[in-house]
There are 4 protein chains.
Amino acid sequence: MITHIEKPASKTRQRITNAALELFVAQGIAATTTRDIAAAADIAEGTIYRHFESKEALAQEIFMEGYMPFAKALVTFEQSGGTVAERLARVVEYFYGLFDTDQTRWVYLMTYQTGPQSKLPDDTPTPHRLLLKMLTESVKKGEMKGLEPKLTAQILLGIILQPADGIVYGQLQGPLSPRAGEVMQAIGKVLTP
Amino acid sequence: MITHIEKPASKTRQRITNAALELFVAQGIAATTTRDIAAAADIAEGTIYRHFESKEALAQEIFMEGYMPFAKALVTFEQSGGTVAERLARVVEYFYGLFDTDQTRWVYLMTYQTGPQSKLPDDTPTPHRLLLKMLTESVKKGEMKGLEPKLTAQILLGIILQPADGIVYGQLQGPLSPRAGEVMQAIGKVLTP
Amino acid sequence: MITHIEKPASKTRQRITNAALELFVAQGIAATTTRDIAAAADIAEGTIYRHFESKEALAQEIFMEGYMPFAKALVTFEQSGGTVAERLARVVEYFYGLFDTDQTRWVYLMTYQTGPQSKLPDDTPTPHRLLLKMLTESVKKGEMKGLEPKLTAQILLGIILQPADGIVYGQLQGPLSPRAGEVMQAIGKVLTP
Amino acid sequence: MITHIEKPASKTRQRITNAALELFVAQGIAATTTRDIAAAADIAEGTIYRHFESKEALAQEIFMEGYMPFAKALVTFEQSGGTVAERLARVVEYFYGLFDTDQTRWVYLMTYQTGPQSKLPDDTPTPHRLLLKMLTESVKKGEMKGLEPKLTAQILLGIILQPADGIVYGQLQGPLSPRAGEVMQAIGKVLTP
DNA sequence: TATGAATGAGACTTCATTCAT
DNA sequence: GATGAATGAAGTCTCATTCAT
């Protein structure tokens, strides 16, 4: 007996989300038409509406699709053992692994929250915010003297995120995972009094 | 001191660019209609087209308007005296000063290049790229051992840019200029062997 | 016998071309709005664009629709047997038959090439040009003495076309076919030394 | 003392009508914008409206400008002495002379009546109609037997007009005046029993 | 008289969405 | 579930015309 916990994620539905994700990242959500999506997915335009309420809902569901496993993982890492530095290192490694696995989805995930298209509630724990929260706690636990914790957290966030942007914009060669060590070193230096 | 060689920028033209800038940043370029712009500028929709060829051209001219003084300033700083670190500090201060002076324009400037709307040539020296280039040279002249220069440059870029994002997203309190010292400290630490 | 290789020409598409043809001839292409066409065809304005790329493309396709069978017929007549005069008579009869069958389309066909809207290549063998070419050959084969062939061809063309114009402008009563005999007589007289 | 019988026809007014005539013939009235006209006449767009009520009025006045001397001349010829054939010959010569003098204006004159833009009353004695009327009378006075007078008049009209079209469309070399003799010969033949 | 900036009605076109098949 | 023709609201842009200078 089969129990449906989540939607079946039919073949067609998959084709749509895949095509849409690619186009959304390449052209932006607003500039991507349902016709574009239908053509890329090789389905009829009307078919999109058998699987999604609207283009906007589609965009949001793609976000959730990538966001949920990510959020779960972060919680796991937060509750895992070891020192603050060790846990942070694990998160960065996981994060960079995601980037290398599916760069397109990663960009979408990190971008969607920002754009004016996002109708996410203002307090949605986006990847961005989740990371920042963890960093803020790391900084606080580190008992830094003389450094403003919130600013420091932003600095650390920049250290982690910018290399990914560098790869996306072609200024740095991928993959990103092998860079994790150097990035953690830089973070270490910043946190050193 | 700035010298205007260009058009005197008529009153109406100013109203249009001001209104458009605000809306473009708030809603995104694609989501901002010419009707929105006209209403905000309190002019007729057709009037936009007596001053700009198209909505796209308007978006691009607003970018150039902000970009040109910025680019000139960067060149000046590059050629100014002092050590690499001193020059970099001056740039960051100037950069943060711009942010505090007109946050909206700053966001537009840093965002425009990225978006799919941008029809800028791929090799346009955008603010992002100009900063990165300067950082790359700083890192190289610093003769870092053991650190990959390109990665380090991205890390420094992240350290500089992310605090601004933090303020934009309301996670950090402005203004940004007073933070420049701490940011430079963080950069110093990363560049320390 | 006409063979259709092209699209089946859906019901809606037909409604659009019919309505557009009528309006284009009555008001001119430039003065006919897509709204006019939609109203006359009793469809939504947007529907036009599911069948035609643009208003201009619609105008051109209507032209081609009428032009192609006409061109084919002319070729057939050219290759048919009999004397030059006999072949010419056949063409005129066919031509006048078309006029009587669908005067509106006939006017459109003869007008479209001239108008500034026509984006037809300058060497498109339009009805006008096809007729002229045939007449030029007729004149040459007739070995007229003392008559400049090109001028004579134009004169014959005028003899053939003007009666149609006369009917269009209400100065002559239709139908035109019964007039073919008298018109051919006039041509004969002109060609007589 | 100067008496104004007609409008002063100022320098500026002339520039406008000249520019407009050229553009109207080249692109059609509908496709010619007031901006086009102003640019070609090297004046401000608003200036057009100091001399003409509207674009439409401008188009009509240009027509009248050319039409009035033509109409007067025709009347003169009608009342001049000689046989019907002689008077007709004089008209054709005059008509072809006009063509050679100012082909652009001639085309405009002959075209304006036809186009859907023309708001001329249906019974306006246009060049076309004036010629036709004269031809009809010629035919009637000629007491043709067996030929339907209205059809014959149209045929003669075609003989006269089509060579002009031939030159306009580049199928015949100008000037037209030297062709008048041959054209009259053709007319003579058609009118011969 | 001439200017040219501004207008606003309306043109063409796009596109998310619906619905009968 | 899938299709694809049709919709209609809305978007960008044009242009004849007005009016203060």
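To find a chain, count down the sequence lines: A is the first, B the second, and so on, and within it residues start at 1.
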List in chain and number order the residues that pass ring-ring contact (aromatic ring centres under 6.0 Å, His included) with F24(B), two or more places apart in sequence or in another chain; answer none if no residue qualifies. none
Closest non-hydrogen contact found for I48(A) with I43(A) is CG1-CD1, 3.9 Å
Please tell me if H51(D) has a side-chain N or O lying less than 4.0 Å from either OP1 or OP2 of dT1(E). no
Could you tell me how far apart E53(B) (CD) and dT14(F) (C1') are, to the nearest whole angstrom? 13 Å
Given side chains that start at C-beta, do those of V107(D) and M110(D) come closer than 4.5 Å, heavy atoms only? no
Measure from CD1 on I29(A) to P on dC15(E) and round the result to the nearest Å. 16 Å
Length of the line joining Y49(C):OH and dG11(F):P, which is rounded to integer Å: 18 Å
Using modelled atom types only, decide if a donor and an acceptor are shared between the side chain of T111(D) and the backbone of Y108(D) within a distance under 3.5 Å. no
Of S54(C) and R50(A), the one whose nearest nucleotide on DNA chain E sits closer to the 5' end is S54(C)
Given atom CZ of R35(C) and atom C1' of dT7(F), what is their separation to the nearest angstrom? 16 Å
Per-residue pairing states of DNA chain F in dot-bracket (Watson-Crick or G-U under 3.5 Å; . unpaired, | other strand) read .||||||||||||||||||||
Identify whether any heavy atom of T34(A) sits under 4.0 Å from a base atom; if not, whether one sits that close to sugar-phosphate; answer base, sugar-phosphate or nothing. base
Counting only heavy atoms and a strict 4.0 angstrom limit, can you tell me which residues of residues 38-47 of chain B come near DNA chain E? I43(B), A44(B), G46(B), T47(B)
I48(B) has an atom CD1; how far is it from atom P of dC15(F), in whole Å? 17 Å
Between C1' on dT18(F) and NZ on K55(D), what's the gap in Å once rounded to a whole number? 17 Å
Starting at CD1 of I37(B) and ending at P of dA6(E), how long is that distance when rounded to a whole Å? 16 Å
Salt bridge or not for E61(D) and R13(D), using N-O below 4.0 Å? yes
Under the 3.5 angstrom rule, does the side chain of Y112(C) hit a backbone N or O of T126(C) as a donor-acceptor pair? no
With heavy-atom distances below 4.5 Å as the criterion, would you say the side chains of Y169(B) and R129(A) are in contact? no
In whole angstrom, give the distance that lies between atom CD of E56(A) and atom P of dC15(E). 17 Å
